[in-house]
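Shown next, in structure tokens, is the structure this report addresses.
What you see below is based on every heavy atom in this structure, not just the backbone, and it leaves out hydrogens, waters and symmetry mates. Every chain is numbered from 1, with letters handed out A, B, ... down the list of sequences.
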Protein chains: 2
Amino acid sequence: MISNSSKYAIKAVLFLAIHSNEENKIMVKDIAEPINVPQAYIAKLLQELAKRKLISSTRGPKGGFYLSSEDKERNVMDIISVIDGEKKINSCLLSLERCNSSNPCPIHHLANQSRIVLIENLKQNSINELALDVKNGKSKLPL
Amino acid sequence: MISNSSKYAIKAVLFLAIHSNEENKIMVKDIAEPINVPQAYIAKLLQELAKRKLISSTRGPKGGFYLSSEDKERNVMDIISVIDGEKKINSCLLSLERCNSSNPCPIHHLANQSRIVLIENLKQNSINELALDVKNGKSKLPL
DNA sequence: TCTAAAATATGATTTAAATCATATTTAAGA
DNA sequence: TCTTAAATATGATTTAAATCATATTTTAGA
């Protein structure tokens, strides 16, 4: 339903939201360890996120990754969509191609509503709001 | 969150609920095709389900798999628990070991309630009830 | 303009899940 | 009791996801 890669990407973006800004960029090697993801792996994901404009980066000395203020207005579903694609999270619990509300599989009504709620919730808060929750003690690190 | 194996197992059990009973057992080869799962793969899963007493089977000529009336009182979560284990579906969306309501990760409150609802729903209906829904046209095949 | 430090691009390797193959055991029926 | 048809047990292979490795490009600062 959600890949490991997406989970790692979400962790990395949240980490950047909490610790970075335009003036304070962070290098891959300083991201990997605190979020418990192998460095070479998170590097690849960060590159993908940067290419797809969900995070920002600059090369060279003093370079690194960070979130611009626009980046911080994104939400968690944006990240999942980029890494996993829309199809994966939107698919029926049994991965049936034809299943939908007018042609429901035998467990459609057990699973569908909660998935819709989940997706809605994942769109509800901006990355910035989630980072503020951490700063206000409403939610906790480490990732 | 839910493995392919669990999805296949659920499909097989629902198929048996709809088409089998003590007097009418079904062979692996007659299950695989209608539920769109490779035969050797579903065979292994059915064997596991039988060993764990979620479905019934007899060997030899006229043998096959079927659901006893007790088997039909099981629910979908029972199947997931046997195939994937409890941990997988109960884990935090970010797979954080420490995340829980009193120590919530940054997206805990976005994801937790819908997961609880999903699990509750998957326990709510017996396999028999789900099969009746199909017979009454409330839900549809194929799987 | 040179050097070093960073991301980027690309592809190789590893691992776990999914899939396949087959010898063994059990039970029905001739 | 023999044969055959079924599940069972076991392990091998394949595939996709996860992970690792490295040459290239860009940029800051000397």
Rounded to whole Å, please give me the gap between [atom1] in [X] and [atom2] in [N].
{"X": "B:Asn36", "N": "C:dT19", "atom1": "CG", "atom2": "C1'", "value": "16 Å"}
{"X": "B:Leu45", "N": "D:dA7", "atom1": "CG", "atom2": "P", "value": "14 Å"}
{"X": "B:Met1", "N": "D:dA17", "atom1": "CE", "atom2": "P", "value": "19 Å"}
{"X": "B:Gln39", "N": "D:dA5", "atom1": "CD", "atom2": "C1'", "value": "13 Å"}
{"X": "A:Ile26", "N": "C:dA7", "atom1": "CD1", "atom2": "P", "value": "11 Å"}
{"X": "A:Met27", "N": "D:dT27", "atom1": "CE", "atom2": "C1'", "value": "15 Å"}
{"X": "B:Lys53", "N": "D:dA7", "atom1": "NZ", "atom2": "C1'", "value": "14 Å"}

Assign B:Ile42 to base, sugar-phosphate, or nothing according to its heavy-atom contacts below 4.0 angstrom with the strands shown.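 Nothing, no nucleic acid heavy atom in range.
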
Determine the minimum heavy-atom distance between A:Ile119 and A:Ile89, stating which atoms define it.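 So the minimum-distance heavy-atom pair works out to CD1-O, 4.0 Å.
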
Which heavy-atom pair separates B:His19 from B:Asn24 by the least distance, and what is that distance? O-ND2, 3.3 Å

Please state whether the phosphate of C:dA21, meaning OP1 or OP2, lies under 4.0 angstrom from any side-chain nitrogen or oxygen of B:Tyr41.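 It does not, given that no N or O in the side chain of B:Tyr41 lies less than 4.0 Å from OP1 or OP2 of C:dA21.
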
Looking at A:Tyr8, I'd like to know whether one of its side-chain N or O atoms comes within less than 4.0 Å of OP1 or OP2 on D:dT19. yes

Check for a donor-acceptor pair, side chain of B:Asn36 on one end and backbone N or O of B:Leu143 on the other, with a separation under 3.5 Å. yes

Assuming nearest nucleotide by heavy-atom distance, tell me which of B:Gly60 and A:Asn4 is located more 5' along DNA chain D. B:Gly60

When you group the ILVMFWY residues by side-chain heavy-atom contacts below 4.5 Å and let the links chain together, are B:Met77 and A:Met1 in the same group?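 Yes.
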
Treating Ile, Leu, Val, Met, Phe, Trp and Tyr as nodes and any side-chain heavy-atom pair under 4.5 angstrom as an edge, say whether B:Tyr66 and B:Leu49 lie in one connected cluster.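 No, B:Tyr66 and B:Leu49 fall in different hydrophobic clusters.
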
How does each nucleotide of nucleotides 8-16 of chain D score, in 5' to 3' order, for protein heavy atoms under 4.0 Å: base (B), sugar-phosphate only (S), or none (-)? BBBBB----

Could you verify whether a donor N or O on one side chain and an acceptor N or O on the other, from A:Asp133 and A:Ser139, lie under 3.5 Å apart?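 There is no such pair (donor and acceptor under 3.5 Å, judged by atom type) between the side chains of A:Asp133 and A:Ser139.
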
Side chains of A:Ser5 and A:Tyr41: donor-acceptor distance under 3.5 Å anywhere? yes

Listed partners of B:Ser57 passing side-chain contact (heavy atoms from CB on, under 4.5 Å), at least two apart: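 Counting only residues at least two positions away or on another chain, B:Ser57 forms a side-chain contact (heavy atoms from CB on, under 4.5 Å) with B:Ala50, B:Phe65.
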
Taking DNA chain D as the partner, which of residues 83-98 of chain B come within under 4.0 angstrom of it by heavy atom?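 Within residues 83-98 of chain B, no residue comes under 4.0 Å of DNA chain D.
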
Could you check whether any side-chain heavy atom of A:Ile18 comes within less than 4.5 Å of a side-chain heavy atom of A:Leu141, counting everything from C-beta outward?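 Yes, close enough: below the 4.5 Å cut-off.
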
